[in-house]
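These numbers come from a predicted model, not from an experiment. In this chain, residues are counted from 1 in sequence order. Only heavy atoms go into these numbers, but all of them, side chains included; no hydrogens, no water, no symmetry mates.
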Amino acid sequence: MTNSSNLIDSLEVYVLNNPDDVKPHWVSHFIVPTANELLIKIKNKNGNSGFGLATSYSDISPIIKPFSNGLESFIIGQDPFCPEKIYENIFKLTDTKVSSEKGWSKESLIRISAALDIACWDLMGKSLNIPLYKLFGGYRNRIPVYVTCGYYREGKTETELREELKKLIEIGHQSFKVKVGGLSIKEDAKRLEIIRDEIGQDKALMIDVNRAWDLKTAIEGVKEYEKFNPAWIEEPLRWEDDRRTLKLLSKQTSIPLSGGESEITTYGCRSMIEEDAIQILQFDCTMFGGFTNGKKLSALCELNHIDIAPHHDCYIHAPLVASTPSGRIVESFDNERDPLQAELFENPHEMNNGWIHLNEKPGLGLEISDTALKKFGKLVYKNK
């Protein structure tokens, strides 16, 4: 019998946005959106609470719409200790008459199910007084972290690029993921020469194409960039046939290939693994699947000798990556690229010298900063 005091009875939903004056950061063919996240807070009658985040790279209005016309009835009164059930109930609304009648988009329900799932796991960890990295498996309590940098910007000079890298090295970063694909292979090679010159040969370099190349260009690119000794090349191929073309490209290079952040379900990630298309999977628990499915993908990767390096939100993904032998590394950004990451939590996990050290606080181990919530957040739903 379910203990009624465990049931969710409080629900708050916020939209989080960076200030409008954040400088534009171009990748190969689009400007990276500033923070555009959904924050869900839940609490049960026992007073235990949890929160989860969902990331959106498009207009967030459709994602908050379901909270204006009835979705809360699928959440209030549910048992957060049954995350599989709650996740399935929300996710499977994508194929129902009610979602069509109410105008709940597929993407909105996928994002909401992810954020709600993370919130349930956070609440469970807090109520049990156990950090999630231990609840998930407890493989280790620190993990490597890299910084994504080297974005394009109109008029960005070689001096500016060098200064950007110097600042990140001074902070203590040991691994750097940089952008290519917005210029020709030869022009980007010149940028990579500058970057490798600044970070040296002892630090890890990853190359992110953001799906800009066709297969012929990708084959040329991996051959040209082998001299930079990249730890991986990320999403090198255009979206329309990437699972197949990734497999073909992997036969042309010894450089590990990575992908997964652009999938919208765990099934898409599974297909990439089955195609032998990648060596590193970069799913994002805040965009699809939550921790419930992130754990499944982590186990699947371990069984298939594939590393996980989740996309975005290093503090959210840290417990999952730390919990499993398949966990490789997490992604971070500098404060200019993502001020929300820098300010959202009162007690972020300690980050230094290329490592994140997880604290021993229960659940996610994180507390939302009230100051940051006022600065970045807007309350869009509260049930009481």
Side-chain angles (χ1 to χ4, degrees), residues 37-38 40 52-58 63 74 82-96 99 104-122 124 132-133 135-137 211 234-235 237 239-244 246-247 257-314 316-331 364:
E37 302 200 21
L38 186 77
I40 293 179
L53 293 171
T55 301
S56 175
Y57 279 179
S58 59
I63 297 178
F74 292 87
C82 300
E84 288 270 7
K85 180 180 179 181
I86 293 178
Y87 178 85
E88 184 176 75
N89 286 346
I90 302 298
F91 181 83
K92 289 202 170 179
L93 287 171
T94 56
D95 292 318
T96 60
S99 65
W104 298 346
S105 71
K106 182 182 297 183
E107 179 184 351
S108 70
L109 294 169
I110 289 171
R111 299 288 192 268
I112 291 166
S113 62
L116 183 59
D117 183 79
I118 292 168
C120 288
W121 281 102
D122 186 37
M124 277 195 287
L132 283 184
Y133 84 89
L135 194 59
F136 291 161
R211 291 175 146 190
E234 181 172 328
E235 289 198 322
L237 290 151
W239 67 271
E240 64 266 24
D241 193 24
D242 61 343
R243 295 173 198 165
R244 176 66 174 167
L246 277 167
K247 181 177 182 178
L257 304 181
S258 67
E261 71 176 72
S262 297
E263 297 298 328
I264 62 169
T265 69
T266 53
Y267 304 110
C269 289
R270 181 196 63 189
S271 295
M272 296 181 82
I273 295 170
E274 289 177 341
E275 282 278 358
D276 294 325
I278 55 171
Q279 292 73 54
I280 299 153
L281 183 64
Q282 295 173 295
F283 60 86
D284 188 334
C285 291
T286 74
M287 296 185 77
F288 62 92
F291 285 144
T292 291
N293 285 286
K295 292 193 303 94
K296 295 173 185 176
L297 286 174
S298 299
L300 184 61
C301 284
E302 182 183 350
L303 294 175
N304 284 276
H305 311 289
I306 291 172
D307 290 341
I308 65 167
H311 167 256
H312 195 49
D313 275 314
C314 60
I316 298 295
H317 285 112
L320 183 64
V321 175
S323 72
T324 171
S326 62
R328 177 167 179 159
I329 199 167
V330 289
E331 178 177 23
L364 282 165

Open item on the list: Are Met124 and Pro83 packed together at the side-chain level, in the sense that at least one heavy-atom pair is separated by less than 4.5 angstrom?
Closed with: yes

Task: Nearest-0.5 Å distance that lies between atom OG in Ser56 and atom CD1 in Ile63 - done: 3.5 Å

Open item on the list: Could you measure the distance from the CG atom of Leu237 to the CG atom of Leu246? Nearest 0.5 Å is fine.
Closed with: 5.0 Å

Task: CD1-CD1 distance between Ile329 and Ile280, expressed to the nearest 0.5 angstrom - done: 9.5 Å

Task: Least distance between heavy atoms, Gly52 atom then Ile118 atom - done: CA-CG2, 3.7 Å

TODO: Could you check if a side-chain atom of Thr96 sits within less than 4.5 angstrom of a side-chain atom of Trp104, using non-hydrogen atoms only?
DONE: no

TODO: Starting at CD1 of Ile278, measure out to CE of Met272 and round the result to the nearest 0.5 Å.
DONE: 4.5 Å

- [ ] Applying salt bridge (charged side-chain N to carboxylate O under 4.0 Å, His left out), name anything that partners Asp313, two or more places apart in sequence or on another chain.
- [x] none

Task: Pairwise distance OH(Tyr57) to OG(Ser262) - rounded to 0.5 angstrom - done: 9.0 Å

Open item on the list: Any carboxylate oxygen within less than 4.0 angstrom of a Lys/Arg side-chain nitrogen, looking at Arg211 and Glu261?
Closed with: no

Open item on the list: Does Lys106 have more than 12 heavy atoms from other residues, nucleotides or ligands lying within 6.0 Å of its NZ?
Closed with: no

Please tabulate, one pair per line, all N/O donor-acceptor pairs under 3.5 Å involving side-chain atoms of residues 298-308, not counting sequence neighbours.
residue: Ser298; atom: OG; partner: Gly294; partner atom: O; Å: 2.8
residue: Asn304; atom: ND2; partner: Leu300; partner atom: O; Å: 2.8
residue: Asp307; atom: OD2; partner: Arg328; partner atom: NH1; Å: 3.2

Task: Distance (rounded to the nearest 0.5 Å) between Phe74 CZ and Asn89 CG - done: 8.5 Å

Task: Closest non-hydrogen atom pair, Ala322 against Tyr133 - done: CB-CB, 4.1 Å

Task: Non-hydrogen atoms of Ile40 and Ala119 that approach each other most closely - done: O-CB, 4.0 Å

- [ ] Go through the structure and list residues passing salt bridge (charged side-chain N to carboxylate O under 4.0 Å, His left out) with Glu331, not counting sequence neighbours.
- [x] Lys177

- [ ] Please step through side chain to side chain contact (heavy atoms under 4.5 Å, CB included) for the pair Phe136 and Thr324, ending with a clear verdict.
- [x] CA-CA 8 Å; Phe136 291 161; Thr324 171; over 6 Å; no

Open item on the list: Apply side chain to side chain contact (heavy atoms under 4.5 Å, CB included) to residues Leu364 and Phe291 and explain how you reach the verdict.
Closed with: CA-CA 11 Å; Leu364 282 165; Phe291 285 144; 3.7 Å; yes

Task: With sequence neighbours excluded, residues passing side-chain contact (heavy atoms from CB on, under 4.5 Å) with Glu88 - done: Lys92

Task: Least distance between heavy atoms, Glu235 atom then Gly260 atom - done: OE2-N, 4.3 Å

- [ ] Quick one: list whatever passes salt bridge (charged side-chain N to carboxylate O under 4.0 Å, His left out) with Arg244, sequence neighbours left out.
- [x] none

Open item on the list: Show the nearest heavy-atom pair for residues Ser99 and Leu109, with the distance to one decimal.
Closed with: CB-CD1, 4.1 Å

List the atom pairs, with distances to 0.1 Å, where a side-chain N or O of residues 281-289 and a protein N or O form a donor-acceptor pair under 3.5 Å, not counting sequence neighbours.
residue: Gln282; atom: OE1; partner: Ser258; partner atom: OG; Å: 2.8
residue: Gln282; atom: OE1; partner: Gly259; partner atom: N; Å: 3.4
residue: Gln282; atom: NE2; partner: Glu234; partner atom: OE1; Å: 2.9
residue: Asp284; atom: OD1; partner: Thr286; partner atom: N; Å: 2.8
residue: Asp284; atom: OD1; partner: Thr286; partner atom: OG1; Å: 2.7
residue: Asp284; atom: OD2; partner: His311; partner atom: ND1; Å: 2.7
residue: Thr286; atom: OG1; partner: Thr55; partner atom: OG1; Å: 2.9

Open item on the list: Whether Glu84 and Lys296 form a salt bridge (side-chain N of Lys/Arg under 4.0 Å from carboxylate O of Asp/Glu) is what I want to check.
Closed with: yes

Open item on the list: Taking Thr266's backbone N and O only, do any of them form a donor-acceptor pair with Asn293's side chain (distance below 3.5 Å, no angle check)?
Closed with: no

Task: Smallest separation among heavy atoms of Ser58 and Glu107, with atom names - done: OG-OE2, 3.2 Å

- [ ] Report the C-alpha separation of Leu135 and Trp121 in whole Å, then their side-chain angles, then the decisive distance to 0.1 Å, and conclude whether the side chain to side chain contact (heavy atoms under 4.5 Å, CB included) test is met.
- [x] CA-CA 9 Å; Leu135 194 59; Trp121 281 102; 4.1 Å; yes

